[in-house]
Amino acid sequence: MNRTLNEELIYEILSVVEEIPVGKVATYGQIAGLIGRERNARLIGRVLSMAEFYGRYPCHRVVNQAGRLAPGWKEQRGLLEGEGVPMKNETHVAIKLYQWEC
DNA sequence: CAATTGACTGGCA
DNA sequence: GTGCCAGCCAATT
């Protein structure tokens with residue numbers, strides 16, 4: 001498998017994701033802004049979906065603006081709970097109270 | 001190479 | 001809160 005995505009883009013995204021403190025969550029848009037691509041929130045999701053392939057990163061601490069977890073990814077909920085992020089329900093976290101602020 | 005899709009966001013109703 | 005539209009970009013088909 002080649003590095004399908006630009007390593008530069010990967011580095012920027014993952015470096016921000018890695019800075020998310022335990023017990024906090026960040027949104028795709030927030031990360032997108034930090035890497036200079038505010039309108040590319042989808043890219044964060046795309047890269048994060050393959051982040052495990054590039055390395056180990058807390059991609060489970062990244063959720064969408066509504067606080068919803070990644071569809072089709074059941075592990076994410078347990079990971080967040082294990083880090084001290086309570087779930088409002090099966091699919092949403094209390095991002096309103098736990099969103100990461102730099 | 002063209003079209004489609006997707007772990008999205010912000011604006012407006 | 002939900003729904004529709006437009007924009008942005010890489011991976012997949």
Side-chain angles (χ1 to χ4, degrees):
Chain A
M1 284 279 277
N2 5 335
R3 317 277 166 166
T4 37
L5 219 58
N6 213 7
E7 291 183 25
E8 217 172 53
L9 186 60
I10 301 288
Y11 180 81
E12 291 179 280
I13 295 174
L14 298 193
S15 49
V16 172
V17 172
E18 202 172 39
E19 287 186 71
I20 304 173
V22 177
K24 291 276 183 178
V25 293
T27 67
Y28 295 102
Q30 189 169 8
I31 295 169
L34 289 169
I35 68 170
R37 283 176 164 73
E38 192 174 293
R39 294 172 167 109
N40 295 40
R42 309 174 92 144
L43 273 294
I44 313 299
R46 190 156 310 274
V47 171
L48 261 47
S49 68
M50 306 198 301
E52 294 183 281
F53 173 77
Y54 296 102
R56 282 191 234 278
Y57 292 88
C59 35
H60 56 269
R61 285 182 206 148
V62 184
V63 296
N64 68 4
Q65 192 59 238
R68 198 188 63 156
L69 308 183
W73 192 17
K74 297 150 193 160
E75 275 189 14
Q76 187 170 17
R77 186 171 84 96
L79 289 166
L80 289 170
E81 288 183 309
E83 293 186 339
V85 181
M87 306 293 303
K88 234 177 181 323
N89 60 55
E90 290 276 301
T91 54
H92 292 70
V93 312
I95 188 168
K96 236 179 135 127
L97 306 169
Y98 288 88
Q99 182 168 18
W100 174 48
E101 308 171 71
C102 52

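Sequence lines set the chain letters: A, B, ... in the order given, protein chains first and strands last, and positions in each chain run from 1.
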Asker: Could you work out the separation of B/dA7 and C/dG7 based on their P atoms and round it to a whole Å?
Answerer: 22 Å
Asker: For residues 12-22 of chain A, which residue pairs pass the side-chain hydrogen bond (donor to acceptor under 3.5 Å, both in side chains) check, not counting sequence neighbours?
Answerer: none
Asker: Runs of at least three consecutive Watson-Crick or G-U pairs, both distances under 3.5 Å, are what I'm after; which ones involve DNA chain C?
Answerer: B:2-6 with C:9-13, B:8-13 with C:2-7
Asker: Classify every nucleotide of nucleotides 7-13 of chain B by which part a protein heavy atom approaches to under 4.0 Å, writing B for the base, S for the sugar-phosphate alone and - for neither, in 5'-to-3' order.
Answerer: BBSS---
Asker: Identify, with sequence neighbours excluded, every residue that meets side chain to side chain contact (heavy atoms under 4.5 Å, CB included) alongside A/Thr91.
Answerer: A/Arg68, A/Asn89
Asker: Please tell me if the side chains of A/Gln30 and A/Gln65 come closer than 4.5 Å, counting only heavy atoms from C-beta onward.
Answerer: no
Asker: Expressed in whole Å, how much space separates the C1' atoms belonging to B/dG6 and C/dC8?
Answerer: 12 Å
Asker: Hey, what do you get for CD1 (A/Ile44) to CD1 (A/Ile31), rounding to the nearest 0.5 Å?
Answerer: 6.0 Å
Asker: Which residues end up grouped with A/Met87 if you chain together Ile, Leu, Val, Met, Phe, Trp and Tyr wherever their side-chain heavy atoms are less than 4.5 Å apart?
Answerer: A/Val25, A/Val63, A/Leu69, A/Leu80, A/Val85, A/Val93, A/Ile95, A/Leu97, A/Tyr98
Asker: Would you mind reporting whether A/Thr27 and A/Val62 have side-chain heavy atoms less than 4.5 Å apart?
Answerer: no
Asker: Using a 4.5 Å cut-off on heavy atoms from C-beta on, say whether the side chain of A/Leu43 contacts that of A/Tyr28.
Answerer: no
Asker: For residues 76-86 of chain A, which residue pairs pass the salt bridge (charged side-chain N to carboxylate O under 4.0 Å, His left out) check, not counting sequence neighbours?
Answerer: A/Arg61-A/Glu83, A/Arg77-A/Glu81, A/Arg77-A/Glu90
